[in-house]
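Side chains included, hydrogens not; waters and symmetry mates left out as well; all remaining heavy atoms used. Being a predicted model, the structure only gives us computed values, none of them experimental.
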Amino acid sequence: MKNILVSVFLLAAVPFPPSPTVKPPEHPPAIIASENLFIITIDGFRWQEIFNGADSALLFNENYTAGTEYMKMMYWSADAEERRRKLLPFFWNVLSAKGQLYGNRKFDNRVNNANSYSISYPGYNEIFTGTADPGITSNDKKGNPNLNVLEFLNGKPFFKGRVAAFSSWDVFPYILNQERNDLPVNSGYNKDRPGESPAQQMIGKVEETAVYNKTATRYDELTFLTATEYIKEHRPRVAFIGLGETDEFAHDGRYDLYLEQAAKTDKMIAGLWHWVQTTPGYKNNTTFLITTDHGRGSKRSKWSSHGGFIRGSSQTWLALIGPGIKASGEIREDQQLYQVQLAQTIAALLGEEFVSKDIAPAISLR
């Protein structure tokens with residue numbers, strides 16, 4: 001379950017510093033648009049594991065890692081580059097060779113939340129609306145008042161009816177304000193499935209009859225299967241897939257399951273990329289944007305948590321691959337990016353400009 005570490009009352013009482021101002025670049029971002037875009041989020045997955053692989057302080061500690069010896073054989077190496085390839089082979093064999101990765105703080109390449117809370121709803125609001133709304137302070141199921149880039153795109157003739165969202169966490173209908181815009185949002189254990197294909201209906205039956213622990217977060221494999229079946233059937237131009245189990249396992253303090261879920265996620269993304277690159281209409285015409293909603297505590301004792309009072313919680317990362325993305329690999333330049341820039345970047349990757357109040361500028365891709 002998503003943990004809110006402090007109450008709204010406490011957050012309101014503490015004088016947080018103002019959210020950082022993101023200045024427009026001196027030159028407009030050189031983004032070559034593609035016709036299709038898949039946005040994938042891996043909830044609460046740290047930059048430390050993205051760029052360094054398994055963390056020895058957690059992997060070797062039986063308080064966090066059950067079956068330590070097995071997990072070492074699977075994911076450990078003394079060499080950081082080999083270690084991260086073991087954990088995330090698609091990221092480091094394919095994406096790094098043909099795309100771009102931002103957020104390795106070893107090289108002072110930084111990606112951060114602009115919001116002060118570093119929890120999920122504020123983070124996803126930032127990603128999709130391009131605003132760090134100080135009024136969004138919790139994960140409560142309240143409709144988002146801010147226009148999001150998915151509904152903006154769905155209002156364009158070229159995208160109308162070809163935008164869809166899928167998420168493991170059941171708060172996304174509120175984050176994307178489905179009630180206002182009628183976006184197709186398949187979220188959590190959702191029984192409302194009009195117009196589904198036979199394969200999607202079968203996945204729904206599995207959810208209803210074979211899944212007993214029906215928490216706020218659906219199993220990522222079910223979310224991913226639902227999304228890919230829809231993509232194959234309906235051929236959307238823009239699809240969002242929000243995966244959540246990395247965050248759930250981290251909150252449980254299970255570093256072993258957190259790593260295993262990250263490895264499964266990497267494999268799922270690899271499978272989707274392979275399908276895209278072998279399917280007419282998507283092949284060489286589709287961009288993937290992959291990121292997270294927040295970081296986690298950077299200290300060993302705090303790694304399972306996140307929030308405004310926990311150091312490291314605002315530290316995130318970003319990965320992109322597609323026909324308009326230069327193959328720059330791991331970006332090793334001193335740079336500061338913010339999640340709030342992603343909404344305009346999403347629009348730019350599709351050749352659009354997101355018109356909204358106080359929108360942050362797009363990222364200047366390398």
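- In this structure, Q100 and S328 approach most closely via the heavy-atom pair NE2-OG, 3.7 Å.
- Using a 4.0 Å cut-off between charged nitrogen and carboxylate oxygen, R180 and E151 count as a salt-bridge pair.
- Side chains of N125 and N144: a donor on one and an acceptor on the other come within 3.5 Å.
- Aromatic ring orientation, W273 versus F288: perpendicular (interplanar angle above 60°, classes split at 30° and 60°).
- F91 and W317 have perpendicular rings, their planes meeting at more than 60° on a 0 to 90° scale where under 30° would count as parallel.
- Not one N or O on the side chain of D140 forms a donor-acceptor pair closer than 3.5 Å with the backbone of K142.
- Looking at D55 and R300, no side-chain N of the basic residue comes within less than 4.0 Å of a carboxylate O on the acidic one, giving no salt bridge.
- In this structure, E330 pairs ionically with R332, as a charged nitrogen and a carboxylate oxygen lie closer than 4.0 Å.
- By the 6.0 Å contact criterion, NZ on K106 is open, its count of non-hydrogen atoms from other residues, nucleotides or ligands being 12 or less.
- Between the side chains of Y258 and E49, at least one donor-acceptor pair of N or O atoms lies under 3.5 Å.
- Residues Y64 and W303 are in side-chain contact: their nearest non-hydrogen atoms beyond the backbone lie under 4.5 Å apart.
- Summarising the geometry of A164 relative to Y230, their closest heavy-atom pair is CB-CE2, 3.5 Å, with the distance given to 0.1 Å.
- The two residues G103 and F51 come nearest to each other via the heavy atoms C-CE1, 3.4 Å.
- Contact annotation: the side chain of I40 never approaches that of T265 to less than 4.5 Å [non-hydrogen atoms, C-beta and beyond].
- T41 places none of its side-chain heavy atoms less than 4.5 Å from the side chain of L243.
- In the model, N109 has no side-chain atom that pairs as donor or acceptor with a side-chain atom of R366 under 3.5 Å.
- The cationic group of R85 does not satisfy the cation-pi geometry with W92, failing either the under 6.0 Å distance to the six-membered ring centre or the 45° limit from the ring axis.
- Residue L337 is not grouped with residue F107 when hydrophobic side chains (ILVMFWY) are merged at heavy-atom distances under 4.5 angstrom, including chains of intermediate members.
- In terms of heavy atoms, E221 sits closest to M268 at CA-SD, 4.2 Å.
- A salt bridge links D256 with R254: at least one charged nitrogen is closer than 4.0 Å to a carboxylate oxygen.
- Side-chain polar atoms of S314 and N113 form no donor-acceptor pair below 3.5 angstrom.
- With 3.5 Å as the limit, one finds no donor-acceptor pair spanning the side chains of S313 and S118.
- Under the 4.5 Å side-chain contact rule for hydrophobic residues, F60 and L257 share a cluster.
- With values rounded to the nearest 0.5 angstrom, I325 atom CD1 is found 5.0 Å from L349 atom CG.
- The aromatic rings of F172 and F128 lie perpendicular to each other, with more than 60° between the two planes, well past the 30° mark.
- Between the side chain of N181 and the backbone N or O of N177, at least one donor-acceptor pair lies under 3.5 Å.
- In this structure a side-chain-to-backbone donor-acceptor pair under 3.5 Å is present from K86 to W76.
- Distance alone, capped at 3.5 Å, places no donor-acceptor pair between the H251 side chain and the S305 backbone.
- Nearest approach of V340 to A360, heavy atoms of both residues: O-CB, 3.4 Å.
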